[in-house]
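Here the structure is laid out as structure tokens; the discussion comes afterwards.
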Amino acid sequence: MRKRIVAGNWKMNTDVAAGVKLAIELMQLLIEKPAPENVGVAIAPPFTHLSEVNKVIDPAKICLAAQNCASESNGAYTGEVAVGMLRSVGVMAIIIGHSERRAYFKEDHATLAKKVDLTIKNQLRPIFCCGEVLDERNAGIQNNIVENQLMESLFHLNNEDFLRVSIAYEPVWAIGTGVVATPDQAQEMHKFIRSLVAARYGAEIAEQLTILYGGSCKSSNAVEIFSKPDVDGGLIGGAALDAAEFHRIVQSF
Ligand code: PGA
């Protein structure tokens with residue numbers, strides 16, 4: 001049975017003290033009521049928080065993730081944070097290609113492919129984001145868009161490396177908007193993604209791939225979305241900033 005994951009993307013929210021408090025609250029809730037069997041919990045605080053948050057979480061209960069990484073391994077890249085640095089503060093997974101990175105910071109397919117490679121080279125796990133904008137969905141080309149994102153930044157990996165990857169399907173029109181994809185829309189795209197992976201890597205690897213849904217996911221809609229056969233959990237933005245709400249989402253399987 002493939003792994004289910006609920007990952008919280010804190011984005012650029014909280015200061016260190018508030019972030020540590022949020023992590024402690026979540027830890028306490030997971031001790032009182034652990035995640036269902038086979039469900040992994042991850043949180044992605046801002047870079048500045050990682051080291052402090054790492055001190056208050058049990059890695060058996062919460063996987064520490066980063067929201068981004070540099071596309072180079074070290075050197076004269078002012079303001080960037082390398083994968084090796086993230087690894088040194090306890091990071092296990094990295095969100096790569098979030099639509100906000102693609103849109104506001106102009107991250108292109110080739111840059112994202114380099115980040116994926118560095119993440120894997122450092123034995124960490126990429127959570128690779130893909131998804132179409134509203135105009136693309138209205139034009140009915142969402143499958144082509146997502147296929148191209150995977151082909152250009154992910155499908156160069158060999159089988160062994162691909163096994164480290166999780167994919168997050170995040171329709172851009174659903175992120176932070178309150179407009180959630182219907183469970184059927186999510187299922188349809190997740191099934192399509194799995195079929196692409198099966199064609200490239202074979203049915204067995206496709207069956208093992210964890211595919212998360214992201215975009216206005218909260219406890220009131222998670223149960224229905226997570227019940228779909230190809231939806232293996234969620235990448236949660238706004239609702240991850242409230243420990244009790246995030247914990248309810250973790251319990252939604
Ligand atoms: P949201 O964000 O849950 O606030 O829509 C999801 C994401 O961007 O990962």
Side-chain angles (χ1 to χ4, degrees), residues 4-14 18-19 22-23 26 39-47 49-50 62-69 91-107 112 115-116 119 125-134 136-137 142 145-146 149-150 153-154 165-183 185-186 189-190 193 210-226 228 231-253:
R4 268 64 175 167
I5 297 172
V6 176
N9 174 11
W10 294 5
K11 307 194 180 183
M12 198 171 72
N13 293 298
T14 71
L22 178 56
L26 181 61
V39 176
V41 177
I43 52 173
F47 289 147
H49 303 27
L50 290 168
I62 301 177
C63 162
L64 189 62
Q67 299 173 18
N68 182 29
C69 63
V91 166
M92 314 281 289
I94 304 180
I95 299 170
I96 293 174
H98 190 280
S99 63
E100 288 150 17
R101 302 294 320 168
R102 293 177 189 262
Y104 306 148
F105 304 98
K106 307 285 174 260
E107 295 193 359
L112 298 178
K115 295 185 180 199
V116 166
T119 300
R125 296 182 175 277
I127 301 172
F128 183 81
C129 301
C130 58
E132 79 286 358
V133 300
L134 187 58
E136 292 162 345
R137 176 153 290 257
Q142 65 272 17
I145 297 297
V146 168
Q149 290 169 337
L150 301 181
S153 306
L154 215 48
V165 173
S166 302
I167 292 177
Y169 168 58
E170 300 205 301
V172 181
W173 45 272
I175 296 178
T177 57
V179 182
V180 65
T182 66
Q185 282 173 323
M189 181 59 85
H190 285 222
I193 291 170
T210 298
I211 309 177
L212 310 179
Y213 167 78
S216 298
C217 189
K218 35 189 180 293
S219 63
S220 56
N221 55 36
V223 173
E224 214 190 330
I225 295 173
F226 294 177
K228 292 292 174 184
V231 179
D232 307 314
L235 181 55
I236 316 299
L241 294 170
D242 177 329
E245 169 66 0
F246 186 67
H247 185 251
R248 281 194 290 275
I249 299 173
V250 170
Q251 306 295 341
S252 297
F253 290 91

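First listed ligand is number 1; within each ligand, the first listed atom is number 1. All values below come from the heavy atoms of this structure, side chains included, with hydrogens, waters and symmetry mates left out.
- By the 3.5 Å distance cut-off applied to N or O atoms, Glu100 is not counted among the residues near ligand 1.
- Short contacts between ligand 1 and Asn9, defined as distances under 4.0 Å to a heavy atom of the residue, involve ligand atoms 9 (O).
- Looking at Leu150 and Ile167, their side chains come closer than 4.5 Å, going by heavy atoms from C-beta outward.
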Using a 3.5 Å cut-off and no angle test, enumerate the donor-acceptor pairs between side-chain atoms of residues 92-100 and protein atoms at least two apart in sequence or in another chain.
from   : atom 1 : to     : atom 2 : distance (Å)
His98  : ND1    : Glu100 : N      : 2.9
His98  : NE2    : Glu170 : OE1    : 3.2
Glu100 : OE2    : Lys11  : NZ     : 2.8

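- At least one heavy atom of Gly176 lies less than 4.0 angstrom from ligand 1.
- Scanning both residues, Leu235 and Ala168, for their nearest heavy atoms gives CD2-CB, 3.9 Å.
- Using 4.0 Å as the threshold, Lys11 has a heavy atom nearer than that to some atom of ligand 1.
- The two residues Val116 and Phe128 make their nearest non-hydrogen contact at CG2-CD1, 4.0 Å.
- Ile5 is listed as a side-chain neighbour of Leu212, based on a closest heavy-atom distance under 4.5 Å.
- Distances shorter than 4.0 angstrom occur between a heavy atom of Gly215 and an atom of ligand 1.
- Not a single heavy atom of Ala240 sits closer than 4.0 Å to an atom of ligand 1.
- Closest heavy-atom contact between Pro45 and Ala65: CD-O, 3.5 Å.
- Using a 4.0 Å cut-off to heavy atoms of Ala174, the atoms of ligand 1 that qualify are 5 (O).
- Near His98, meaning under 4.0 Å from any of its heavy atoms, are these atoms of ligand 1: 7 (C), 8 (O), 9 (O).
- For atom 3 (O) of ligand 1, the closest non-hydrogen atom of the protein is Gly237 N, 2.9 Å.
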